[in-house]
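Heads up: the structure comes next, in structure tokens.
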There are 2 protein chains.
Amino acid sequence: MNDIRVLLVDDHPVVRAGLRAMLSDFEGITVAAEAADGGAALAELSRLHTLGEPADVVLMDLQMGAGMDGVTATGRIKAGDAGQPAPPVLILTTYDSDADILAAVEAGASGYMLKDAPPEQIRQAVVAAAAGQTALAPEVAARLLGRIRNPEPALSAREIQLLELVATGLGNRAIARQLFISEATVKTHLVHIYGKLGVDNRTAAISVATQRRIIRRF
Amino acid sequence: MNDIRVLLVDDHPVVRAGLRAMLSDFEGITVAAEAADGGAALAELSRLHTLGEPADVVLMDLQMGAGMDGVTATGRIKAGDAGQPAPPVLILTTYDSDADILAAVEAGASGYMLKDAPPEQIRQAVVAAAAGQTALAPEVAARLLGRIRNPEPALSAREIQLLELVATGLGNRAIARQLFISEATVKTHLVHIYGKLGVDNRTAAISVATQRRIIRRF
DNA sequence: GCCACGATCAACCTTTTGGTTGATGCCCGG
DNA sequence: CCGGGCATCAACCAAAAGGTTGATCGTGGC
């Protein structure tokens, strides 16, 4: 039986070297190519495709220093931008924030592993992905289950817009003027936001919203 | 001439494997041991010491999933907790925030490299550290030089520490308790911070400090 | 049609922050 | 050895933010 052909996508040379070394030690897995960002990953997939030796699995980091990020790249791959059939994409990243997980799954990822996972767990995930199955790190699975059991209230578009202004350091009065509403309304919105995020002041709200990637970071 | 004996300290097996593979490819460098957190690093250093083959350089990550963090471990090593003479500690991490850099340098680190650096740069840094020299990543050096030329945002270490607590959403009272100082002192620090950053409230301070990467956020 | 919910506003009150002034002790560099 | 930056604290006042209640007006769903 042929080896599973893996494409590594990570912007850190150190991490790529580590994965290459780690995966090479396993039977039945070969690193077919590497890419430092999403754009390069698409190009590599196309290249492998035309060579007649397409990748069986893509191991993708989410955070890229520059170039196309992992979520976008995953979406593009699953959309067939790098040739059909699109290989399974296994996310291998450092963080397990709700927003990251959800975004990756929505983009079509078939697994989500953390970089601090033991090698054997990563190997199993690669094998599972190649077989068309999904593989979630235990931490990630627990998080998803917990989220389904008690879903968190979503912020309305207006509330997010307001929160973004709060994050720039504006006071309630300035926010009111900017949105053409009264200061009282700003305060009402804030109370609702605090309730939904489980906090009781604006800085804590920004902290939570940033960590959950509800608002964009700077 | 003997090889430079390196101790790897990183909580990610993948990264350790990558560094091991990368450093092994270089002439004159040997990976003597590995540790997954600061506590294990101290133990490994002691062990190597008693074996009569002490480490020449410690390659240390700052962020550890669990156990002793990199800054604390660096401080302990330089304090001689793992035997004298203390080997040079070269920080190899993902982020280059002012807060991280300052803390590491204060703890006694003799270099600061970023994980996305090209292999050759890392090799040179290891060699330099082993020779008792300091090695800063170009990005880090540029930031430090920029700060010297522009004495504008010269936040003290204490002020940065305080600002980080502010960014988590804590109130002045909570910050005071956490730092074992009075609320009055917290307010005084904040006034100084606002002055240096050119703002007049805590959220604006966080916004500016995050953009200037004085504090880190994710 | 009615109900739920989001967005809007007002009045009122409490708590937290911000701003100022002034003071002490420490350590470093000229 | 003296000035200056840093860290610490206090008291006080003004402003902003937080919390509560209650209200109006659309819109979209059942």
Side-chain angles (χ1 to χ4, degrees), chain A residues 150-210 214-215, chain B residues 75 98-99 101-103 105-108 144 147-210 214-215:
Chain A
N150 50 322
E152 288 159 15
L155 295 189
S156 73
R158 187 60 155 175
E159 287 164 347
I160 291 176
Q161 181 186 20
L162 208 136
L163 201 47
E164 280 176 337
L165 291 179
V166 171
T168 67
L170 294 180
N172 291 344
R173 185 163 316 169
I175 295 173
R177 275 199 283 261
Q178 190 137 347
L179 296 180
F180 304 106
I181 58 181
S182 84
E183 207 176 324
T185 305
V186 173
K187 292 169 78 169
T188 305
H189 280 309
L190 283 177
V191 169
H192 292 157
I193 292 171
Y194 298 158
K196 288 179 179 178
L197 295 184
V199 299
D200 64 352
N201 66 65
R202 63 217 285 114
T203 42
I206 293 172
S207 175
V208 170
T210 304
I214 293 170
I215 58 177
Chain B
D98 281 13
I101 297 173
L102 287 180
V105 169
E106 268 173 26
L144 288 183
R147 282 181 48 127
I148 291 173
R149 257 177 309 174
N150 275 25
E152 313 290 351
L155 290 194
S156 72
R158 188 61 154 174
E159 287 164 347
I160 291 175
Q161 181 187 21
L162 209 136
L163 201 48
E164 283 179 329
L165 291 179
V166 171
T168 68
L170 294 180
N172 291 344
R173 190 173 346 235
I175 295 173
R177 274 200 282 262
Q178 190 137 344
L179 296 181
F180 304 107
I181 59 180
S182 84
E183 207 176 325
T185 305
V186 173
K187 293 171 73 171
T188 306
H189 280 311
L190 283 177
V191 170
H192 291 158
I193 291 171
Y194 299 157
K196 289 178 179 177
L197 296 183
V199 299
D200 62 355
N201 66 65
R202 63 217 285 113
T203 42
I206 294 172
S207 174
V208 170
T210 304
I214 294 171
I215 60 176

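By convention in this document, chain letters (A, B, ...) are assigned in the order of the sequence lines, proteins followed by strands, and residues within each chain are numbered from 1.
The side chain of B:Tyr194 places no N or O atom within less than 4.0 Å of a non-bridging phosphate oxygen (OP1 or OP2) of C:dG19. Considering only side-chain N and O atoms, B:Ser156 lies under 4.0 angstrom from the phosphate OP1 or OP2 of D:dA7. Distances shown here put every side-chain N or O of A:His192 at or beyond 4.0 Å from the OP1 or OP2 atom of C:dG6.
As rounded to whole Å, 14 Å separates atom C1' of D:dT8 from atom CD of B:Glu183. Put simply, CD1 on A:Ile181 is 16 Å from C1' on D:dT24, counting in whole angstrom units. The CG atom of A:Asn172 sits 12 Å away from the P atom of D:dG19 (whole-angstrom rounding). With rounding to whole Å, A:Leu163 atom CG is found 13 Å from C:dA7 atom P. Rounded to whole Å, the distance from NZ on B:Lys196 to P on C:dG18 is 17 Å. The distance from atom CG of B:Leu170 to atom P of D:dA17 is 19 Å, rounded to the nearest whole Å. Atoms CZ (B:Arg177) and P (C:dT16) sit 10 Å apart, rounded to a whole Å. Look at CZ on A:Arg202: it is 13 Å from C1' on C:dG18, rounded to the nearest Å.
Taking 4.0 Å as the cut-off between side-chain N and carboxylate O, B:Glu183 and B:Arg177 do not count as a salt-bridged pair.
Within the 4.0 angstrom heavy-atom criterion, base atoms lie near B:Thr185.
Two residues are said to be in side-chain contact when any heavy atoms from C-beta on lie closer than 4.5 Å; A:Leu170 and A:Val166 fail this criterion.
For B:Ser182, taking side-chain heavy atoms from C-beta onward, the closest of the listed nucleotides C:dC9, C:dG18, D:dA10 is D:dA10. Taking every side-chain heavy atom of B:Asn201 into account, C:dG18 is the closest of C:dG18, D:dT8, D:dG19. For A:Glu159, whose side chain is taken as the heavy atoms from C-beta onward, the closest listed nucleotide among C:dG19, D:dT20, C:dA7 is C:dA7. Out of D:dG18, C:dG18, C:dC9, the shortest distance to the side chain of A:Ala184 is found at C:dC9. Closest contact between the side chain of B:Thr188 and the listed nucleotides C:dA10, D:dC9, C:dG19 involves D:dC9.
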Side chain to side chain donor-acceptor pair (under 3.5 Å) between A:Thr188 and A:Thr185, worked out: CA-CA 5 Å; A:Thr188 305; A:Thr185 305; 5.7 Å; no
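Side chain of A:Asn172 to main chain of A:Lys187: no donor-acceptor pair is present (N/O by atom type, distance under 3.5 Å, no hydrogens or angles).
Expressed to the nearest 0.5 Å, how far CG of A:Leu190 lies from CD1 of A:Ile175 amounts to 6.5 Å.
Take the nearest nucleotide of DNA chain D for B:Arg158 and for A:Arg173: the residue whose nucleotide is more 5' is B:Arg158.
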